[in-house]
Amino acid sequence: MTKNVLFRTIGLLFLALSSCSTRDENTLVGSDFIGRRDWAEPVEDGSKTVIRQDTFFEVSVNPGTQQDLLLGRRRKFVFWTAVYFDTLPKGKGELVEARLTGVPWFAEGDGTARIDRIKETWNETSATETLEVAVGSPMPLAVAFDAEIPVEWVQSWIDSSAGNHGVLVRLGDEDEAFLRFPSREADTTTIGERFRLRVTVADTTGAESTYVSSARLDRFYAFKAEAGSYVAENMGADTLLVGMRETLANQTLFDLLLPEELRDAAVNRAELVLTLARPPSAGTDAFSVRASRVLNDTLVADSIVVENTVLGSRTIDAGAVAGDTIAIPLTNIVRNWFRDRLWDRRIVVRASVERARDRCAVFYSSEAPDSLRPRLRLLYTPLRPEDG
């Protein structure tokens, strides 16, 4: 019993002495450590990453769900419009006349239009197809679109003697007109009139009635008609467009060169800072932009492959004015690039919602003065020096 008590007493004495020694060492090392922590202070810098190129281009996005149907020529594109009707006057009598009508809410230029009969299936969401058609007759353009369609086409749609795939409207090859018709998704309370099929039928007594059908499907097709690249042409532009202009989506590209000299730094935060040259017009919805990764090796052609994953997004305040900045967070992807030693990267910035007639933001490009240029701002912690 006495031996056990003695053993415990010696043990407690040893622990007390040991504890006393450890406190003294920690106090000394801790104070010295705190005095030499300059290397661990985070550094914020917007000049380390080089934006080697920036540019923008326009593209047709969701052509079957936009508010407009485009027809004619604009910049580098030619537009065709397809319309399909499935409500037809079956068994109502003898077809006398069929007409396709519509009123554009915007029209510029003049020329001739042609209505062709589509001979194959199409939809509102597929990529651009080359549609097989039966060629129709040309007609002069007017303020209100009103063109006769062969009654034989409509009769074959009614009796199913030939497939009903609707009609394709396009302008003459050399015409420079550009028209915007409201689509079936559009609000037409104030502007334009959607395409309608008006079929006149005579009954057994000769009395005529007109039946009006609305489109079941409609969309436009966009074809690049001119050689050259928007991506290359806009590289020297003073400003960058993001959002919808004349029912086409504008997207901005950035070619980044990350700072390899910081390869061992810890990235705490990374964000792309853009300065507004012109804020988006007022609208009922918030205007947000998002960034995604570009998979191309270079930015020299309009064939841009963009990953669907959103890297970061930011909403522009409703009261924003020229000179205000937005910062799109890119921390996670930049950390991955640092980890994988990937210094030459490309991203695209686009509107989060690309369904509008005309709503885009304009940002300053790398051609602007230093204070207005785009920049990738890094908050990082440098590596501890070897002599630290």
>> Under the criterion side-chain contact (heavy atoms from CB on, under 4.5 Å), I'd like the reasoning laid out for D324 against I316: C-alpha separation, chi angles, the key distance, then a yes or no.
In response: CA-CA 9 Å; D324 288 351; I316 299 176; over 6 Å; no
Exercise: identify the closest heavy-atom pair between [X] and [Y]:
X	Y	answer
A147	I115	CB-CD1, 3.3 Å
A351	G243	CB-CA, 3.9 Å
Y380	A265	CD1-CB, 3.9 Å
R73	A225	NH1-CB, 4.1 Å
N123	Y221	O-OH, 4.5 Å
F338	R341	O-NH1, 2.9 Å

Transitive ILVMFWY side-chain link [X] to [Y], under 4.5 Å:
X	Y	answer
L241	F77	no
V348	M235	yes
L372	I51	no
V294	I328	no
L71	M139	yes

Please examine the side chains of [Y] and [X], heavy atoms only from C-beta on, and report whether any two atoms are closer than 4.5 Å.
X	Y	result
N164	L88	yes
V242	L240	no
I158	P89	yes
W105	P182	yes
R293	T309	no
T121	H165	yes
N250	C360	no
R359	S281	yes

Please indicate whether [X] has more than 12 foreign heavy atoms, meaning atoms of other residues, nucleotides or ligands, lying under 6.0 Å from its [atom1].
X	atom1	value
E94	CD	no
R278	CZ	no
D340	CG	yes
D146	CG	yes

> What do the steps show when you test I326 against F363 for side-chain contact (heavy atoms from CB on, under 4.5 Å), and what is the final call?
Replying inline: CA-CA 10 Å; I326 65 166; F363 298 100; 3.9 Å; yes
> Is there a side-chain hydrogen bond (donor to acceptor under 3.5 Å, both in side chains) between D54 and S366 once you walk through the steps?
Replying inline: CA-CA 7 Å; D54 55 19; S366 295; 2.7 Å; yes
Backbone N/O of [Y] and side chain of [X]: donor-acceptor pair under 3.5 Å:
X	Y	result
D110	L141	no
S365	D238	yes
D203	T205	yes
R335	N332	no
T55	V231	yes
Q66	V61	yes
R290	L311	no
S229	A232	yes
R194	A186	yes
T275	T325	no

Charged N-O contact under 4.0 Å between [X] and [Y]:
X	Y	result
R75	E246	yes
E58	K76	no
R219	E124	no
D344	R52	yes

What's the separation between atom [atom1] in [X] and atom [atom2] in [Y], rounded to the nearest 0.5 Å?
X	Y	atom1	atom2	result
K48	L376	NZ	CG	13.0 Å
W153	I118	CH2	CD1	9.5 Å
L197	R99	CG	CZ	11.5 Å
Y364	T239	OH	OG1	9.0 Å
E148	L100	CD	CG	11.5 Å
E108	R74	CD	CZ	4.5 Å

>> One pair to check against side-chain contact (heavy atoms from CB on, under 4.5 Å): V59 and I304. What are the steps and the verdict?
In response: CA-CA 10 Å; V59 61; I304 301 298; over 6 Å; no
> Does a side chain donor of either R117 or S156 reach within less than 3.5 Å of an acceptor in the other side chain?
Replying inline: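 Indeed, the side chains of R117 and S156 share at least one donor-acceptor pair under 3.5 Å.
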> Any chance the side chains of S183 and D218 put a donor and an acceptor closer than 3.5 Å?
Replying inline: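 Not at all, the side chains of S183 and D218 share no donor-acceptor pair under 3.5 Å.
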> Looking at residues at least two apart in the chain, or sitting in another chain, which of them share a ring pair (Phe, Tyr, Trp, His ring centres under 6.0 Å) with Y84?
Replying inline: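 By the ring pair (Phe, Tyr, Trp, His ring centres under 6.0 Å) rule, Y84 matches no residue at all.
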> Taking only residues two or more places apart in sequence, or in another chain, which ones meet F195 in a ring pair (Phe, Tyr, Trp, His ring centres under 6.0 Å)?
Replying inline: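 Once residues adjacent in sequence are excluded, the partners of F195 under the ring pair (Phe, Tyr, Trp, His ring centres under 6.0 Å) criterion are F145, F181.
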> Applying the side-chain contact (heavy atoms from CB on, under 4.5 Å) test to R377, which of T49, D45, V273, L272 qualifies?
Replying inline: V273
> Going through the checks in order, is the side-chain contact (heavy atoms from CB on, under 4.5 Å) test met by L248 and F79?
Replying inline: CA-CA 11 Å; L248 292 179; F79 302 101; 3.7 Å; yes
Identify each donor-acceptor pair in which a side-chain atom of residues 206-215 lies under 3.5 Å from a protein atom, sequence neighbours left out, and give them as a table.
unit_1, atom_1, unit_2, atom_2, d
T210, OG1, T200, OG1, 3.2
S213, OG, T87, O, 2.2

